[in-house]
Amino acid sequence: GESVGLHLPTLSVQEGDNSIINCAYSNSASDYFIWYKQESGKGPQFIIDIRSNMDKRQGQRVTVLLNKTVKHLSLQIAATQPGDSAVYFCAEAGYNQGGKLIFGQGTELSVKP
Amino acid sequence: GAVVSQHPSRVICKSGTSVKIECRSLDFQATTMFWYRQFPKQSLMLMATSNEGSKATYEQGVEKDKFLINHASLTLSTLTVTSAHPEDSSFYICSARDKGPFSGELFFGEGSRLTVL
């Protein structure tokens with residue numbers, strides 16, 4: 001199957017600080033990207049998405065940036081809260097891929113009070 | 001929002017037995033469902049695409065005879081782990097997409113944790 005099977009990198013931030021989580025995607029043909037949050041023992045939870053015709057999209061406290069030139073995606077979380085502690089995955093999809101989502105490596109975010 | 005339900009959420013079985021995991025879309029019809037496997041501290045790995053009324057499409061390296069997928073209705077897909085072994089112990093997650101045009105509306109279940117003794 002596809003995906004990177006490495007152990008998760010971790011990011012530790014202080015409560016109230018901004019967090020930036022990075023992701024490198026693999027397929028230049030991907031045209032749709034999603035960030036998911038996964039808490040321990042649960043399924044992924046949708047956070048925000050972005051299409052390839054955009055380079056930035058903002059949600060509530062979150063911003064996703066897309067750089068197609070270097071195939072890089074980032075998730076910015078403003079004023080990080082303890083409840084934001086989780087594992088964050090980026091996922092990519094394309095119309096030529098049958099709609100399936102391929103997940104990136106993931107980053108474990110730990111928020112210190 | 002749309003809900004995808006998985007059952008059982010946890011299952012423990014003996015080595016050599018088969019285990020069935022169900023994935024249901026509760027308030028929408030899903031022509032396509034996806035099955036993922038996730039090992040501890042790792043990412044989700046796509047196993048197969050389940051298509052209602054036709055055979056599943058398996059990702060490279062996934063044994064179709066080991067992981068049987070059946071998508072008999074628009075609201076139910078099942079994954080059967082046959083002759084389970086301890087190395088099959090993992091977190092299995094399904095996702096479902098509704099019948100609309102591809103819009104990225106992919107909803108995930110809460111996962112099923114399989115432990116093979």
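Since the structure is predicted, the reported quantities are computational estimates derived from the model, not experimental observations. The analysis underlying the following values was restricted to heavy atoms, covering all of them including side chains, and did not include hydrogens, waters or symmetry mates.
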Counting only heavy atoms not in [X], do more than 12 sit closer than 6.0 Å to its [atom1] atom?
{"X": "A:Gln60", "atom1": "CD", "answer": "no"}
{"X": "A:Arg61", "atom1": "CZ", "answer": "yes"}
{"X": "B:Lys66", "atom1": "NZ", "answer": "yes"}
{"X": "A:His72", "atom1": "NE2", "answer": "yes"}

Q: Indicate the atoms forming the closest heavy-atom contact of B:Leu46 with A:Lys100, along with that distance.
A: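 In terms of heavy atoms, the two residues are closest at CD2-CD, 3.4 Å.
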Q | Closest heavy-atom pair and its distance - A:Gln38, B:Ile93 | A |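 For A:Gln38 versus B:Ile93, the nearest heavy atoms are NE2-CD1, 3.8 Å.
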Can you measure from [atom1] ([X]) to [atom2] ([Y]) and round to the nearest 0.5 angstrom?
{"X": "B:Ser43", "Y": "A:Tyr36", "atom1": "OG", "atom2": "OH", "result": "12.0 Å"}
{"X": "A:Ile102", "Y": "B:Glu59", "atom1": "CD1", "atom2": "CD", "result": "5.5 Å"}
{"X": "A:Leu101", "Y": "B:Thr49", "atom1": "CG", "atom2": "OG1", "result": "10.0 Å"}

Q) With a 4.5 angstrom heavy-atom cut-off, which part of B:Gln38 approaches chain A: side chain, backbone, both or neither? A)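 Only the side chain of B:Gln38 comes within 4.5 Å of chain A.
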Q) Are B:Val11 and B:Ile69 co-members of a hydrophobic cluster defined by side-chain heavy atoms under 4.5 Å apart? A)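 Hydrophobic grouping puts B:Ile69 with B:Val11.
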Q: Answer yes if A:Val64 and A:Tyr32 sit in the same cluster of Ile, Leu, Val, Met, Phe, Trp and Tyr residues linked by side chain heavy atoms under 4.5 Å apart, and no otherwise.
A: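 No, separate clusters.
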Q) Any chance the rings of A:Phe89 and B:Tyr36 have centres within less than 6.0 Å? A)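 No, too far apart.
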Q: Name the member of A:Glu108, A:Lys42, A:Gln45 that forms the most heavy-atom pairs with chain B at distances under 4.5 Å.
A: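 Looking at each of A:Glu108, A:Lys42, A:Gln45 in turn, A:Lys42 comes out on top.
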